[in-house]
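Notes to accompany the following structure.
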Amino acid sequence: MDGFGTGPSVVRDSSPLTVRRGKDASADRIPPPGLERRNSGHGPGQSGRRRPLIVGIGGSARIDSPTMRALGAAARMLAQAGAETVMLSVAELDLPPYQPDGKERSAAVRRLVSEVRRAEGLVIAAPDYHGGTSGALKNALDYLWDLGETPRPGLDARPVGLLACDEGPGAGGALATLRATVHALGGWPTPLGVSLNRQECATIDQYGAISSPAIAGRFDTLTDQIMGFAYAWSHLI
């Protein structure tokens, strides 16, 4: 799958993926093998163009959750399509509550904002429950307004792929909530948002491998849209 193929692909590689740890990560927060911290991309990309940087943000408080496995699957496909990927999780970042007028920012906040500043696109994976998503994810997205005075404020003109995974009662509202937040930050939610029920989440293993061709096809389309928009925008700037 090169990110612009015509059919779905199923990732079946069961070998552990490399985890590169940052200096501020504690030893008891090692992500599952499917969630690479940073991947320089191993797909063909598009000839004559640098690999777009896609930042993934996982919104679950649990490292090995259905949401984080879905993010790992998306990261694998994006890397295969030629993207450089950086994956972050709110559980690992452990951000303080957002204060718009705060003068000091923690190392974790600076890391989040710095990675998104460089990004050509994002993929956000959210736990879906109680009619919306986690407060920790919304808190992380609020911090992106620290980019308000930059040439590309917030998520301005960045494609944002959205994933929502059923993790509790009252599921069904996360995608709409995320779309509204991404729009408010100036981003472009992809036309396809992937919402997974518990049975569909179970088709993704801890390595990000997807056993269902139908689910893999939805991730494939999401990858195409993120990469296509990222390449199109890079052509304009």
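Starting from 1, each residue takes its place in the sequence as its number. The model shown is predicted, which means the values in this text are computed figures rather than measured ones.
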Is the backbone N or O of [Y] less than 3.5 Å from a side-chain atom of [X], with the two atoms forming a donor-acceptor pair by type?
X: Y231; Y: R51; answer: no
X: T221; Y: G217; answer: yes
X: T181; Y: T177; answer: yes
X: R198; Y: P66; answer: no
X: E200; Y: N197; answer: yes
X: T133; Y: P127; answer: yes
X: R118; Y: L53; answer: no
X: R111; Y: S106; answer: no
X: D128; Y: S195; answer: no
X: R158; Y: L122; answer: no

Heavy-atom side-chain proximity of [X] to [Y] below 4.5 angstrom:
X: V123; Y: L71; value: yes
X: L178; Y: L137; value: yes
X: L112; Y: V55; value: no
X: L192; Y: Q225; value: yes
X: V86; Y: L88; value: yes

Could you pull out the closest heavy-atom pair between [X] and [Y], with the gap in Å?
X: A73; Y: I204; result: CB-CG2, 4.0 Å
X: L163; Y: A74; result: CD1-CB, 4.0 Å
X: A174; Y: A164; result: CB-CB, 3.9 Å
X: P213; Y: S211; result: CD-O, 3.5 Å
X: L196; Y: R218; result: CD2-NH2, 3.9 Å
X: D205; Y: Y207; result: OD1-N, 2.8 Å

[atom1] of [X] to [atom2] of [Y]: how many Å apart, nearest 0.5 Å?
X: R179; Y: W188; atom1: CZ; atom2: CH2; answer: 15.0 Å
X: I57; Y: M87; atom1: CD1; atom2: CE; answer: 9.5 Å
X: R117; Y: D146; atom1: CZ; atom2: CG; answer: 9.0 Å
X: I54; Y: M227; atom1: CD1; atom2: CE; answer: 6.0 Å
X: F229; Y: E120; atom1: CZ; atom2: CD; answer: 15.5 Å
X: I210; Y: R69; atom1: CD1; atom2: CZ; answer: 12.5 Å

With side-chain contact (heavy atoms from CB on, under 4.5 Å) as the criterion, how do I226 and V160 come out once you've worked through the C-alpha distance, each side chain's angles and the decisive distance to 0.1 Å?
CA-CA 7 Å; I226 295 171; V160 182; over 6 Å; no

Output, in order, the C-alpha distance, side-chain angles, deciding distance and verdict of side-chain contact (heavy atoms from CB on, under 4.5 Å) for V182 and L141.
CA-CA 8 Å; V182 170; L141 297 178; 5.5 Å; no

Start with the C-alpha gap between F219 and R76, add the side-chain angles, then the distance that decides, and say whether side-chain contact (heavy atoms from CB on, under 4.5 Å) holds.
CA-CA 10 Å; F219 276 72; R76 285 176 60 132; over 6 Å; no

Report yes or no: do S60 and T67 form a side-chain donor-acceptor pair below 3.5 Å?
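There is no such pair between these side chains.
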
Could you go through the side-chain contact (heavy atoms from CB on, under 4.5 Å) check for Y129 and D166 one step at a time?
CA-CA 6 Å; Y129 52 73; D166 181 352; 6.0 Å; no

